[in-house]
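No experiment lies behind these values; they were computed from the predicted model shown.
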Amino acid sequence: MITPNSLIIRYLRHAFLVLMLLCLSHLSIWAEEQEPYAPHFNPITGFKPAQRSLTQVFLQMAGSFEHFGTPEPYIRHVMAEHARIDAKYKLVTGKSVSNRPAYLTDEYVENLFASWKKLNTVLSLESLCRKSGKNLRYAILGGWNKSVSELVADETQLTEPEKTAYKSFLKKDYFAKADFPALEAFYKAPYDKLSEAGKEQLSQRTKRGTLKPEQREQSIKDSNHGTIIITIFNEHQKKTLASLEGKSAEKINSDNLQAALIEKLSLSKKDVTWQKLPPEEADALRFSHAIEDAFMTRINHLSKQPIPKEQAEQIEKALRIYIVNLLTIAQSEFEAALDNDFIDKKHKK
């Protein structure tokens, strides 16, 4: 016998199932359309603890720049990590030691934020910060590691239906026989509209389809490599570790990292030819110089404004000091992570 209560229960069960399906649908859409920087900085879960890899440090920094359009959240995160790890270090060792640079006092950090806000009104730094974060991600990982949505957006000559087809191809790590009919149709016309980078994406997947499973897996793994910037980061990490462990008399800090980046990415040169370089070098230079070019475009625009030359120079100096501070803060995050590892090992003992 169906009673009013049983009808209500049935209705509630149905409503709950519908709600669950809607939630799952929403989650799957978000998973597919999440921001390209989410693997490195996910705004849903927030910042990761201090990273012991400079590559991860800078990718998280870059992602937060893309998301927030200001370096303030990242800087506050690192300062909070210093406070957490310093307190943890003292609790375990009884010593007060910190990797937070002495000059980075709370007052200095707050002045950094105030300075950014003032500069933002003159230089529109929010859009510059977002663009620089994106280009920093590309410079580290290489343009070939852009997200599917970004790779599709790069192909401006394709129609919307063609973009949909191209997107479906990019979602596959390799092409199997079942993909050939759709591929043949695409190769008849849309293929010629692709950029060279777009054609390479399809060529790579076609080649993988001819490989043995173990070779295919290695090919997919190899494609995830980044640019020479990761090599620069890794070399700097080794030198930092050797310095901190007393294995090297050379004192390593963010100045060494800055010098290495400037030299190996030719950042002090105005005209750099990268087109004929290997991809690992080409994208590192191309996107690093894109950051510098965007920066200089703002400065050059500023110089044309009706303000005293001295004031324009002071603004440029203030912005460059900000960049130096970010390198110092990134280095300090890396060293704080090493301290955290040391504490965990000591605590286990």
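- In Lys199, the NZ atom is crowded: over 12 heavy atoms of neighbouring residues, nucleotides or ligands sit closer than 6.0 Å.
- In this structure, Lys95 forms no cation-pi arrangement with Tyr89, as its terminal cationic atom is not both closer than 6.0 Å to the ring centre and no more than 45° off the ring axis.
- Between Glu162 and Lys193 there is a salt bridge, since at least one side-chain N of the basic residue sits less than 4.0 Å from a carboxylate O of the acidic one.
- Ring geometry, Trp144 versus His225: the interplanar angle falls from 30° to 60°, so the pair is classed tilted.
- Judged by a 6.0 Å distance limit and a 45° cone about the ring axis, Arg205 is not positioned over the six-membered ring of Tyr174.
- Atom CD of Glu150 is surrounded by more than 12 heavy atoms from other residues, nucleotides or ligands within 6.0 Å.
- Between the side chains of Asn111 and Glu107, not a single donor N or O lies within less than 3.5 Å of an accepting N or O.
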* Asked: Could you go step by step and tell me if Arg286 and Glu281 meet the salt bridge (charged side-chain N to carboxylate O under 4.0 Å, His left out) rule?
  -> CA-CA 8 Å; Arg286 177 159 66 112; Glu281 296 179 43; over 6 Å; no
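- Annotation: Tyr191 is not in aromatic contact with Phe169 [ring centroid separation under 6.0 Å not met].
- The aromatic rings of Tyr108 and Tyr103 sit perpendicular to each other, their planes meeting at more than 60°, with 30° as the lower class boundary.
- In this structure, Phe65 and Tyr74 have perpendicular ring planes: the angle between them is above 60°, well past the 30° mark.
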* Might you work through the salt bridge (charged side-chain N to carboxylate O under 4.0 Å, His left out) test for Arg76 and Glu72, ending with a clear yes or no? => CA-CA 6 Å; Arg76 289 197 183 280; Glu72 182 173 339; 2.9 Å; yes
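- In summary, the side chains of Asn99 and Ser332 do not present any donor paired with an acceptor at a separation below 3.5 Å, with no hydrogens or angles considered.
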